[in-house]
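Taking it in order: structure first as structure tokens, then the write-up.
Order of appearance sets the numbers: ligands from 1, and atoms from 1 within every ligand.
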Amino acid sequence: MWAVLSLLCAGAGLLGPPACGAADLYVSSLEKVHFKSWMVQHQKRYSSEEYQRRLQTFVGNWRRISAHNAGNHTFKMGLNQFSDMSFAEIKHKYLWSEPQNCSATRGNYLRGTGPYPPFVDWRTKGKYVSPVKNQGGCGSCWTFSTTGALESAIAIKTGKLLSLAEQQLVDCAQNFNNHGCQGGLPSQAFEYIRYNKGIMGEDTYPYKGQDGDCKFQPSKAIAFVKDVANITINDEEAMVEAVALYNPVSFAFEVTDDFMMYRKGVYSRYFLIERGKNMCGLAACASYPIPLV
Ligand SMILES: *[C@@H]1O[C@H](CO)[C@@H](O)[C@H](O)[C@H]1NC(C)=O
Ligand SMILES: *[C@@H]1O[C@H](CO)[C@@H](O)[C@H](O)[C@H]1NC(C)=O
Ligand SMILES: *[C@@H]1O[C@H](CO)[C@@H](O)[C@H](O)[C@H]1NC(C)=O
């Protein structure tokens, strides 16, 4: 899972070298066996030079996971398809490197005064949350967060859980400061869908995982956005309230050093809510769409 990965590697990076295991570790034969089976599971092949490097990174990650899971934490870590990569590599490959234009320094979401339920898991309330898709591809973070939140918003209003087209966002949302495979923001993507007058379904606009020409066909749009609620930056209380009362919320994640300070509250509380959110992490730029249904 993404959450695991970003936590895992950010943690290693912050706690000092080796950041996700770059230094020479002594690797036990058991660890080699684990790596081999992980390679089989994820269909990985390397040259012998790369193998040594990946093995080192993997073992660093593996040890950190084991140490974490042996401790008394509110969440567990685990391996995933990125476990042979360092945090720097993941960041370079999957995250837009410029700072994002989060416009929610002061959001338009108005917070109430509570009280709020102590726990909410939209998945258990009904069919409101789409299943997790493979999140390894291009632009997956911001596009999955966007479609996931909109799908939930519509399901909460209509009872119907759609599957919306991430690829349309990759191909078409550039005018709203999104950058296809290189990244974007859910709040900007909601604005795109709003002014574009709709987004198509996954079935008519399938996910390709690479940048392409925009193939939006207005007659095939199946979901629409009436308005976008931006939550004031770092207002976690407002996020809790929005999640508790209204909708799963999309997050944008900026990889900063204070990441670790947030992780517990955020991860223990939001952990279950929405697919694709985890690379997109924290209370940096939260928003949710108000659908037109
Ligand atoms: C584990 O953490 C919980 C919650 O912080 C605490 O109540 C419990 O005492 C801890 N258990 C151990 C063995 O430290
Ligand atoms: C932020 O906004 C400016 C002005 O609209 C734009 O030129 C820049 O590319 C944006 N940055 C990102 C990361 O989208
Ligand atoms: C919400 O955020 C988006 C993009 O980040 C921005 O375009 C829009 O103007 C914001 N809306 C409000 C009401 O601030």
Worksheet entry | Shortest heavy-atom approach to atom 8 (C) of ligand 3 - which of Gln188, Glu191, Arg194 | Glu191

Practice prompt. Quick one: name the residues clustered hydrophobically with Met200, using the 4.5 Å side-chain heavy-atom rule over I, L, V, M, F, W, Y, and just say none if it's on its own.
Written response: Tyr205, Phe216

Discussion item. Suppose I only count heavy atoms of Asn230 and a 4.0 Å limit; which atoms of ligand 3 are within that range?
Written reply: 1 (C), 2 (O), 3 (C), 8 (C), 10 (C), 11 (N), 12 (C), 14 (O)

Discussion item. Under 6.0 Å between ring centres: does that hold for Phe190 and Tyr288?
Written reply: no

Worksheet item: Is there a side-chain contact between Phe224 and Pro291 (heavy atoms, below 4.5 Å)?
Response: no

Item to complete: Please tell me if the side chains of Asp213 and Asp171 come closer than 4.5 Å, counting only heavy atoms from C-beta onward.
Response: no

Practice prompt. Check ligand 3 against Ser187 and write out every atom of the ligand that is under 4.0 Å from a heavy-atom position of the residue.
Written response: 2 (O), 4 (C), 5 (O)

